[in-house]
Amino acid sequence: TTYIGQVLGGNGAAAMQMADTLQRGTACDVFYLYQGAHGGTSADNWANGANWTTMATYLPQALSEIPGSPTYADVIFISLGANDKILFGQTEEQSYTNVATLRSQMVDEGWWVPGTTQIVLMDTPRTAIMGDWNGVDLIRRRFNDRITYVTSVGATYLDEGIYTVHIDPASLTAMGRSAGEQVLAHIPKQRSTISIGGTRISVGGKKVLVHGA
């Protein structure tokens with residue numbers, strides 16, 4: 001899986017919990033997580049800036065270290081939007097356009113396979129400073145991908161004196177668990193058969209991701 005973005009105050013907690021939930025719920029002995037996370041960045045930084053340059057350098061290296069050397073991600077977890085609004089004053093349309101550019105580039109590189117790679121979108125913190133800004137909704141409506149949506153409704157926020165929109169780590173962990181469970185719901189179970197008295201019957205197996213371990 002690949003984690004792109006940075007939930008304010010999150011430090012990857014949601015992505016790590018999602019990966020752990022997926023590992024426990026599938027037949028994978030190990031679930032590999034590449035974290036492309038950096039605070040204070042916007043979707044534009046990832047699509048056109050230094051974060052894209054860094055990811056283009058290190059994501060292929062990370063994939064090559066996985067047994068079997070897969071060329072694409074099974075799951076991409078995207079957490080972008082808050083900084084687009086708060087720090088850079090991006091409109092919803094501008095933010096969507098930048099994420100669409102990021103998607104197009106990842107598809108061209110072969111890391112994001114439409115129809116196969118599962119996408120997790122985490123919404124922006126639901127606080128007064130965000131107003132009714134919701135660029136994530138444009139992605140949900142316009143992207144033709146397998147999308148899981150994780151809401152911040154019900155999350156607890158920390159007042160750290162900067163924007164006052166940092167999500168409590170426990171809430172981020174819960175959101176990551178929810179993301180993993182939703183992705184698991186979309187993964188088919190591998191069927192297996194056993195023989196009893198000469199009769200072969202089908203039994204349910206574990207959920208299996210595309211690559212496995």
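Along the sequence shown, residues are numbered consecutively beginning with 1. Only this structure's heavy atoms are used, side chains among them; waters, hydrogens and symmetry mates stay out.
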Short side-chain donor-acceptor distance under 3.5 Å, [Y] and [X]:
| X | Y | answer |
| --- | --- | --- |
| D84 | S95 | yes |
| S42 | N83 | no |
| T101 | Q105 | no |

Original post:
With the threshold set at 4.0 Å, does a side-chain nitrogen-carboxylate oxygen contact exist between R140 and E92?
Top reply: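 No.
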Original post:
Taking NZ, NE, NH1 and NH2 as the nitrogens, is one of them in D145 or R103 under 4.0 Å from a carboxylate oxygen of the other?
Top reply: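 Salt bridge: yes.
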Please check this pair: side chain of [X] against backbone of [Y], looking for a donor-acceptor N/O pair closer than 3.5 Å.
| X | Y | value |
| --- | --- | --- |
| N45 | N51 | no |
| Q118 | D74 | no |
| D123 | S152 | yes |
| S178 | A174 | no |
| Q23 | D29 | yes |
| S171 | I167 | no |
| S69 | E65 | no |
| N98 | Q94 | yes |
| T97 | E93 | yes |

**OP:** Compare every heavy atom of W111 with every heavy atom of Y72, then report the nearest pair and how far apart it is.
**Re:**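 Of all heavy-atom pairs spanning Y72 and W111, the closest is CB-O, 3.3 Å.
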Subject >> T21, D20, L172 screened by side-chain contact (heavy atoms from CB on, under 4.5 Å) with R177, the one that passes >> reply: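 Looking at T21, D20, L172, the match for R177 under the side-chain contact (heavy atoms from CB on, under 4.5 Å) is T21.
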Original post:
Are V153 and L121 joined in one hydrophobic group, where the rule is that I, L, V, M, F, W and Y side chains link up if heavy atoms are under 4.5 Å apart?
Top reply: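 The answer is no; the residues belong to distinct hydrophobic clusters.
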